Amino acid sequence: LWFARVCNRRMGQDWRPDQAISVDLEIALLAYVEMQIQTLEDPMKLALWSLTGAYFAFSFVLSLRGNKGLLVDLKAMIEHDEQYQSYVVIPLLERVQGEHHVRQHLLPSVHVTDLGVRMGVWHRRVLETLLILGRSSGPAFINRNGVQSSSSDMNELFHEALLDLFEEQRDLFPPNICNPDDVTDRYDVSRSFRRGSESRAASRKVDSSDNYIVNRWKKKERAGHSRPSQPINQHYTDISLCLDSFLRYTQAM
């Protein structure tokens, strides 16, 4: 039965898109992580939840697909932390369409969003947590073994938090989420945060050009190795000149 269900999902016969994280659920999720940070005594668990909370915040505010959020680079975070003060820079160790001759994809963000997501605080927690662990380079998000976290690592903690919230505050979840199995089946770090971010942007009427700039590599992913189809002016847009678009988008989150 399990094998047949997985096959149906893989072959597209049973298509269930990831459930978007709602605004209320995102806020509750970050509050849950804050509670863990304040009450945990085990240093390793404290470090894991500190990093996980930052991953949840970064993924939602910057509209990141799960595996992209795991590419945050610690050394570049330290370098850009010293360079910028008025906004936060989240650097991903990957070059994308529109950026040339650089190893990092730089994602600027406001320090505090309209929802109260404290990007500056989460950014600082990542740096402080990894400093305590004696790290100054490599991936910012690591698992219990000290290696780069995988989507399954993040999903484990994501589902743990969601299941606890489902038991305590079921009204945070939409009507189609009826039981714990629905929670683990429908929510996934792969796209739940990105879908939630895009939904928030639509509800706040974020300008389409700002939305496009922040989510510009969505077409790149769909195109695979081919060059994505996009307006001619977007082919020549340097991402380093789009700071205002990122700040407007992240402020709306």
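Treat the numbers as computed from the prediction; the structure is a model and nothing was measured.
- No donor-acceptor pair closer than 3.5 Å links the side chain of S192 to the backbone N or O of A20.
- By the rule that hydrophobic residues join a cluster once side-chain heavy atoms approach within less than 4.5 Å of another member, L131 and V126 end up as members of separate clusters.
- Between the CG atom of L62 and the CZ atom of R194 there is a distance of 11.5 Å, given to the nearest 0.5 Å.
- In terms of modelled atom types and a separation under 3.5 Å, the side chain of D244 and the main chain of L247 share no donor-acceptor contact.
- Under the ring-ring contact (aromatic ring centres under 6.0 Å, His included) criterion, F60 pairs with no residue at all, not counting sequence neighbours.
- The side-chain contact (heavy atoms from CB on, under 4.5 Å) check on E156 picks up R144, with sequence neighbours excluded.
- Proximity of I37 to S50: side-chain heavy atoms (C-beta onward) are separated by under 4.5 Å at one or more points.
- Checking side-chain atoms of H105 against main-chain N and O of I90 turns up no donor-acceptor pair under 3.5 Å.
- By the side-chain hydrogen bond (donor to acceptor under 3.5 Å, both in side chains) test, S152 pairs with S150, sequence neighbours left out.
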Next on the checklist: Show, in sequence, the C-alpha distance, side-chain angles and deciding distance for D207 and S209, and conclude whether the side chain to side chain donor-acceptor pair (under 3.5 Å) test is met.
Outcome noted: CA-CA 5 Å; D207 189 89; S209 61; 2.3 Å; yes
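- Contact check for S197 versus Y249: side-chain heavy atoms found under the 4.5 Å cut-off.
- Residues F193 and F158 place their aromatic rings such that the two centres sit under 6.0 Å apart.
- S63 places no side-chain N or O within donor-acceptor distance of the main-chain N or O of N215, the cut-off being under 3.5 Å.
- Side-chain contact between I213 and F246: present, with at least one pair of heavy atoms (C-beta onward) separated by less than 4.5 Å.
- With sequence neighbours excluded, the residues satisfying side-chain contact (heavy atoms from CB on, under 4.5 Å) with N176 are Q19, P174, R186.
- Interatomic distance, CG of L92 versus CG of D73, reported as 9.0 Å (0.5 Å rounding).
- With contacts defined as side-chain heavy-atom distances shorter than 4.5 Å, the pair L64/L107 qualifies.
- D114 meets the side-chain hydrogen bond (donor to acceptor under 3.5 Å, both in side chains) test with R204, Q251; sequence neighbours excluded.
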Next on the checklist: If you apply the rule salt bridge (charged side-chain N to carboxylate O under 4.0 Å, His left out), what do you find for R124 with D81, and how did you get there?
Outcome noted: CA-CA 9 Å; R124 176 57 51 190; D81 181 53; 2.8 Å; yes
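- Side-chain contact between I142 and L133 is present, with at least one heavy-atom pair separated by less than 4.5 Å.
- At least one side-chain heavy atom of S190 sits less than 4.5 Å from a side-chain heavy atom of R65.
- Test W49, F141, W122 against Y55 for ring-ring contact (aromatic ring centres under 6.0 Å, His included) and you get one pass: F141.
- Residues passing the side-chain hydrogen bond (donor to acceptor under 3.5 Å, both in side chains) test with R125, sequence neighbours excluded: E34.
- Within the 4.5 Å cutoff, the side chain of P180 has heavy atoms near those of the F166 side chain.
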Item to check | Stepwise side chain to side chain donor-acceptor pair (under 3.5 Å) test for Y187 and D18 | outcome: CA-CA 5 Å; Y187 287 96; D18 291 342; over 6 Å; no
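- Below 30°, between 30° and 60°, or above 60°: for H123 and F58 the angle between ring planes is between 30° and 60°, a tilted geometry.
- Atom CG in L165 sits 11.5 Å away from atom CG in D24 (nearest 0.5 Å).
- Looking only at side-chain heavy atoms (C-beta outward), V89 and Y87 come within less than 4.5 Å of each other.
- Between the side chain of R118 and the main chain of T113, no donor-acceptor pair closer than 3.5 Å is present.
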Item to check | Worked check of side chain to side chain contact (heavy atoms under 4.5 Å, CB included) between V110 and V88 | outcome: CA-CA 6 Å; V110 296; V88 177; over 6 Å; no
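- Judged by distance alone, the side chain of S203 and the main-chain N or O of R200 form a donor-acceptor pair under 3.5 Å.
- N155 places a side-chain N or O within 3.5 Å of a backbone atom of V189 that can act as its donor or acceptor partner.
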